[in-house]
Amino acid sequence: MGQVIISLAAMFASLTLFIAGTSLLTTVVAVELGSDQLSTLQIGLILGCHSVGFVIGSLFATRVVRRVGQVRSFAAFAAVACSASLIHPLFFDGALWAVLRVLVGFCAAGLIMVLESWISGRATHAIRGALLGIYQVVFFFAAALGQYLVSLGETDDYPIYTIVAILIVMSLVPLALTRSEAPAPDAATRLRFSQLYALSPSGLLGGIAGGALVAGFSTLAPVYASDIGMSLAEVSRYMAFAVVATMVVQWPVGRLSDHFDRRLTIAVVSCIATAAGIVAAVAGATDMRLLYIATAPLFGLAACLYPISLSMINDYMDSGDPIAASAGLLLAYGVGTCIGPVAGALAMQALGPPGLFVFLAGVFALFSLFVFWRGFTTPSVAVAEQSRFVTIVAANTSPAILELDPRHDLYMETPHVFDELHAVHGSTDTPADPGNGESSSNEGRPGV
């Protein structure tokens, strides 16, 4: 275990530098757009372009890596992302910045895919869970670090963008100097949304809602904070607090979902987050303490939707390819990240700064109503038969890291378990093989 971690130290160092750089850039761009004469809708559209680029990159960046190799492609992606970050302060033009956001998002997907496939390629079955835990800690630490760096310079000045460029290009150095052999990334196979819906409607919609909520808050919260009069240093501290809150909240919520009905857990979580969003919308602009108190459950629970939704889908994975199901839900999450900034911006344009939290509360409320409705109309999986919760970071993540999920070993290595599960539930239906284009009926085990 120790030797594997040491061999991956360069990868984690590159990951820290890159996530810190992109996290810093996202907040800086959001604050700068909010301070200029652009409508809130224009701001949301520009900020959402990063998610569009990331989704496109997650679908097509593999081709670049396979053509030129891991290190060369990483260098190319880092160079383009670095250059794009430095162009921001040279020309302030909404259309240009939108293109730059797409470029950075596309390169981010490629860079993350290289790093995560490298990490996954070094993992053995015995240490997958531990490596995934280390990955989560490094990711959250880097994201929080990037937020703290926001206060190092003005958002309309060149130095802060230079810091972003330095962090991004320096992420190339540890990877370029490592003697570890790069594993070839596999082409991600995904279940279609219709297949995921057949497995678990609540799981699929939870993935989309989670993406919309996390991206909506991450991109527009700096705009909200600036609009209510926070200084750049205060914005930095507020966003860093939100990132840390996601790390603190996920573990206890995950444990609760393991010991109680998962569907009930996610519905209750959504109701709590709805109440927190209402509090932030009503009193957040006038009482900073209430804003912080409400943000912790609101953003923290938003980040819980994806891993709980993934657990719900795993609860119904009798057979098939669980990694394909996870990759399909990750794509659904990506679709949500494209929707969140635009929808949140529309709410802010109509209702003012508090509109952001009205939007977040509304999404949580609608999702909780849907889950409660499913609870009344379809049976749940018995708690004893639920798969265990595993914390998975979805934001800025590629399908490569999904291979570290230790739950996948159940399906890939112990096929006899499938027969036992089928016998218990009285069904021989199985999820679709992602390669044959058929959908799954799952009549014996209706999705939650």
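Count residues from 1 along the sequence.
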Do His50 and Val29 make a side-chain contact, defined as non-hydrogen atoms from C-beta onward lying under 4.5 Å apart? no
Using every non-hydrogen atom in the two residues, find where Phe357 and Gly277 come nearest and quote the distance to one decimal. CB-O, 3.5 Å
Rounded distance [0.5 Å steps], OG in Ser270 versus CZ in Phe370: 12.0 Å
Before you tell me yes or no, could you show the steps for Ile87 and Leu96 under side chain to side chain contact (heavy atoms under 4.5 Å, CB included), namely the whole-Å CA-CA distance, both residues' side-chain angles and the distance that decides it to 0.1 Å? CA-CA 9 Å; Ile87 293 173; Leu96 174 62; 4.2 Å; yes
What distance separates Cys49 SG from Leu103 CG, expressed to the nearest 0.5 Å? 10.5 Å
Could you walk me through whether Leu175 and Leu115 pass the side chain to side chain contact (heavy atoms under 4.5 Å, CB included) check? CA-CA 9 Å; Leu175 183 141; Leu115 290 173; 3.7 Å; yes
Side chains of Ile112 and Ile19 in contact at under 4.5 Å (non-hydrogen atoms): yes
Please examine the side chains of Val335 and Val55, heavy atoms only from C-beta on, and report whether any two atoms are closer than 4.5 Å. no
Decide side chain to side chain contact (heavy atoms under 4.5 Å, CB included) for Phe54 and Cys338; before the verdict, give the C-alpha distance in whole Å, the side-chain angles of both, and the deciding distance to 0.1 Å. CA-CA 9 Å; Phe54 195 93; Cys338 297; over 6 Å; no
Grab the two heavy atoms, one from Pro353 and one from Tyr224, that are nearest each other, plus how far apart they are. O-CD1, 3.1 Å
Over all heavy atoms of both residues, which pair between Leu25 and Ser85 is shortest? Give the atoms and the distance, please. CD2-CB, 4.2 Å
With no hydrogens and no angle check, is any side-chain donor or acceptor of Thr274 less than 3.5 Å from a backbone partner on Ala365? yes
Phe367 and Leu213: CA distance, side-chain angles, deciding distance, side chain to side chain contact (heavy atoms under 4.5 Å, CB included) verdict: CA-CA 11 Å; Phe367 180 65; Leu213 291 163; over 6 Å; no
Measuring from atom CD1 of Ile168 to atom CG of Leu111, what distance do you get when rounded to the nearest 0.5 angstrom? 8.0 Å
All heavy atoms of Met312 vs all of Gly203, minimum pair found to be CE-N, 4.2 Å
Any side-chain heavy atom of Phe12 within less than 4.5 Å of one from Val137? no
Using side-chain heavy atoms (C-beta onward) and a distance below 4.5 Å, is Met230 in contact with Leu291? yes
Neighbour count >12 (heavy atoms, 6.0 Å) for atom CE, Met170: no
Can any side-chain N or O of Ser23 pair as donor or acceptor with the backbone N or O of Ala143 at less than 3.5 Å? yes
Side chain to side chain, Tyr238 and Glu234, heavy atoms closer than 4.5 Å: no
Quick one: does Met11's side chain get under 4.5 Å of Leu15's, heavy atoms only? no
For the residue pair Phe217 and Thr295, establish whether any side-chain heavy-atom pair is separated by less than 4.5 Å. yes
Hey, does the side chain of Gln147 reach the backbone of Met239 with a donor-acceptor pair shorter than 3.5 angstrom? no
Over all atoms of both residues, closest heavy-atom pair of Leu86 and Thr162: CD2-CA, 4.0 Å
Return the CZ to OG distance between Phe106 and Ser58, rounded to the nearest 0.5 Å. 9.5 Å
As an exercise, state the distance from OG of Ser151 to CZ of Arg237, rounded to the nearest 0.5 Å. 8.0 Å
Is atom CZ of Phe141 surrounded by more than 12 heavy atoms (other residues, nucleotides or ligands) closer than 6.0 Å? no
Distance (rounded to the nearest 0.5 Å) between Trp97 CH2 and Leu38 CG: 9.0 Å
What are the two closest non-hydrogen atoms of Val114 and Ser73, and how far apart are they? CG2-OG, 4.0 Å
Would you say Ser14's side chain and Ala10's backbone share a donor-acceptor pair under 3.5 angstrom? yes
Under the 3.5 angstrom rule, does the side chain of Thr337 hit a backbone N or O of Gly334 as a donor-acceptor pair? yes
